[in-house]
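Every chain is numbered from 1 and lettered A, B, ... according to where its sequence line falls, protein lines coming before strand lines. Everything numeric here is computed off the predicted structure, so don't read it as measured data.
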Amino acid sequence: MKFIDCNEYIKIEYESEFNFDHCMVYLDRSDIECMHRVKDNELYKLIKVDNILILFKVIAENNAIKISFLNTIPTMLIKEKIARYVWSMFDLDTDIQQFYDKVKEDKILKILINRYRGLRIIKINDLFEGLCWAIIGQQINLKFAYTLKKRLVEKYGEKLTFEGINYFIFPTPDIISQIKVEDLRKLQFTKRKSEYLIGVAKLFDDGTINKQKLLLQNDYKKIHNVLTSIRGIGNWTADYTILKCLNINCAFPIADAGIHNALKIILNTSEKPTLDEIRIMSENWQGWEAYATFYIWRYLYD
DNA sequence: ATCCAGGAACTGT
DNA sequence: ACAGTTCATGGA
């Protein structure tokens, strides 16, 4: 990844297949998303780098991603970190051609990869945020999940106001580990969900778990085992989080309701497919289940 | 108003 | 190992 510095903005050039617009549809799927903002096909995001809040705007223009800095012009070192952040957020390290080659004859995916060519998994770079989001999303509809996340972030996350609009940083483990179940109950989290979130925050806060440590396992199954040994993290949450946070493309949240609903529509069946039916369908996707999942999800947002 | 959806832990077999 | 139950809410 190399970038060109133009002072108030930087440009990252990419050579592999990438379609910013297909990604933006996914990013714009909720109007109460609080971790970024989409306006006029531009992405606004606040992140904290080296303890400095940086608000930036991302657009695509001829084989490059343009990142403009809004609240401050960062140092070169920070610019480089932001470039890497955005690169990783759009999963530009993945050789997507391998996925296309793998599934080009697959009954379901051949349609999706033609329709959404260049779509990449939108990552949550922060593992703690990714795990919390997965836990929040357990067992409830997406809309309510977004409502709960917004309440959590607005109450406990760091805020920057720019041109009258508030942007937030996801609350840190340090903060969440110190709050009480009753505090989250007030925000309409269930007792269990509150316990799970606070428990996970404690594990991050005391250093038991972090992204680097987890990646040391260097193996999907081992990482999956580490995650599911944590209270509140079952198969679905572990696979969802691996898909969203790590570069492991065999993660497959097979029990996901979104996958089931999308497949029912795509296959035009009266019932949602059973787990066994999905297992059979997904034999063609081996090694690329995460991408298959993301392309199937994307179908829900047309 | 009633029923269903939907992940994980827990309980019982 | 496996089936049934509980949690607690929004949405149909």
Side-chain angles (χ1 to χ4, degrees), chain A residues 29-34 124 127-156 173 176-177 179-204 208-209 214 220-246 248 250-279 281-282 289-290 292-294 296-301:
Chain A
R29 73 202 157 119
S30 168
D31 49 14
I32 53 169
E33 171 65 72
C34 57
I124 298 171
L127 178 65
F128 176 65
E129 179 189 334
L131 267 177
C132 289
W133 174 232
I135 291 168
I136 291 170
Q138 288 169 1
Q139 202 211 356
I140 56 174
N141 63 69
L142 247 196
K143 193 180 173 204
F144 187 46
Y146 274 111
T147 302
L148 289 179
K149 180 168 81 166
K150 190 163 191 279
R151 288 178 188 158
L152 181 77
V153 167
E154 288 183 348
K155 178 142 188 196
Y156 298 106
I176 303 295
S177 64
I179 64 180
K180 299 282 166 257
V181 168
E182 305 80 72
D183 298 322
L184 290 178
R185 289 288 296 130
K186 280 180 212 147
L187 306 183
Q188 265 183 302
F189 285 72
T190 62
K191 184 165 172 281
R192 287 220 183 123
K193 215 167 261 197
S194 307
E195 290 166 359
Y196 299 164
L197 286 174
I198 293 165
V200 167
K202 282 182 174 155
L203 294 176
F204 273 80
T208 306
I209 184 173
L214 195 64
Y220 163 73
K221 278 200 174 136
K222 285 183 192 162
I223 290 175
H224 193 276
N225 276 340
V226 171
L227 291 175
T228 50
S229 68
I230 299 167
R231 183 166 182 268
I233 301 179
N235 287 331
W236 176 85
T237 307
D239 281 314
Y240 180 91
T241 306
I242 294 170
L243 182 159
K244 284 294 282 181
C245 301
L246 309 177
I248 296 176
C250 62
F252 191 25
I254 191 165
D256 184 77
I259 296 178
H260 302 168
N261 294 331
L263 284 176
K264 178 172 178 282
I265 303 169
I266 295 167
L267 299 166
N268 194 26
T269 48
S270 56
E271 297 297 326
K272 288 184 269 190
T274 64
L275 290 185
D276 280 338
E277 284 166 347
I278 299 174
R279 280 189 197 102
M281 290 175 217
S282 63
E289 291 89 341
T293 299
F294 203 74
I296 291 167
W297 280 340
R298 176 63 183 74
Y299 192 80
L300 295 168
Y301 305 113

| said: Using a 6.0 Å cut-off, check whether atom NZ of A/K191 has over 12 heavy atoms from anything other than its own residue. | reply: no
| field | Nucleotides bounding contact with chain A, strand DNA chain B, heavy-atom threshold 4.0 Å | value | B/dG6 to B/dC10
| query | Between atom CG of A/L267 and atom NZ of A/K272, what is the distance when rounded to the nearest 0.5 Å? | reply | 13.5 Å
| note | For A/F204, the ring-ring contact (aromatic ring centres under 6.0 Å, His included) test, sequence neighbours excluded, returns A/F128
| said: Under 4.0 Å between a side-chain nitrogen and a carboxylate oxygen: does that hold for A/K180 and A/D183? | reply: no
| request: Between A/T228 and A/I140, just flag the one whose closest nucleotide in DNA chain B comes earlier from the 5' side. | output: A/I140
| task | Hey, could you give me the CD1/CD1 distance between A/I248 and A/I223, rounded to the nearest 0.5 Å? | result | 3.5 Å
| Taking 4.0 angstrom as the limit, do A/E182 and A/K186 come out as a salt bridge? | no
Side chains of residues 258-266 of chain A: which donor-acceptor pairs under 3.5 Å do they make with residues two or more places apart or in other chains?
residue: A/H260; atom: NE2; partner: A/I254; partner atom: O; Å: 2.8
residue: A/H260; atom: NE2; partner: A/D256; partner atom: O; Å: 3.4
residue: A/N261; atom: ND2; partner: A/A257; partner atom: O; Å: 3.1

| message | Tell me every residue that passes ring-ring contact (aromatic ring centres under 6.0 Å, His included) with A/Y156, counting only those two or more places apart in sequence or in another chain. | response | none
| query | Any idea how A/H224 and A/Y220 line up, ring-wise: parallel (<30°), tilted (30 to 60°), or perpendicular (>60°)? | reply | tilted
| Set of residues satisfying ring-ring contact (aromatic ring centres under 6.0 Å, His included) with respect to A/Y299, sequence neighbours excluded | none
| Sorted by number, the residues of residues 141-156 of chain A with heavy-atom contact under 4.0 Å to DNA chain C | A/N141, A/K143, A/F144
| remark: Ordered by number, residues from residues 253-261 of chain A within less than 4.0 Å of DNA chain B (heavy atoms) are A/A255, A/A257, A/N261
| Looking at CG of A/L142 and CG of A/L300, how far apart are the two atoms once the value is rounded to the nearest 0.5 Å? | 9.0 Å
| note | Contacts of A/R192 meeting salt bridge (Lys or Arg N to Asp or Glu O under 4.0 Å) (sequence neighbours excluded), chain-then-number -> none
| field | Gap between atom CG of A/L184 and atom CG of A/L152 - 0.5 Å precision | value | 6.5 Å
| query | Side-chain donor-acceptor pair under 3.5 Å between A/Q138 and A/T237, yes or no? | reply | yes
| task | Output all residues satisfying ring-ring contact (aromatic ring centres under 6.0 Å, His included) with A/Y301, sequence neighbours left out; order by chain, then residue number. | result | none
| How long is the span from the CD1 atom in A/I124 to the OG1 atom in A/T241, to the nearest 0.5 Å? | 8.0 Å
| said: Using atom P in both nucleotides, what's the gap between C/dA8 and B/dT11 to the nearest angstrom? | reply: 14 Å
| said: So A/Q138, base contact, sugar-phosphate only, or nothing? Heavy-atom distance under 4.0 Å. | reply: sugar-phosphate
| query | Roughly how far, to the nearest 0.5 Å, is the OG atom of A/S194 from the CG atom of A/L187? | reply | 8.0 Å
| Residue among A/E129, A/E33, A/E154 satisfying salt bridge (Lys or Arg N to Asp or Glu O under 4.0 Å) with A/K149 | A/E33
| Does any residue of residues 179-201 of chain A have a heavy atom under 4.0 Å from DNA chain C, and if so, which ones, in number order? | A/R185, A/Q188, A/T190, A/K191, A/R192
| Going 5' to 3' on DNA chain C, which nucleotide is the first and which the last to come under 4.0 Å of a heavy atom in chain A? | C/dT6 to C/dG11
| message | Please give me every residue in residues 229-238 of chain A whose heavy atoms get under 4.0 Å of an atom in DNA chain C, ordered by residue number. | response | none
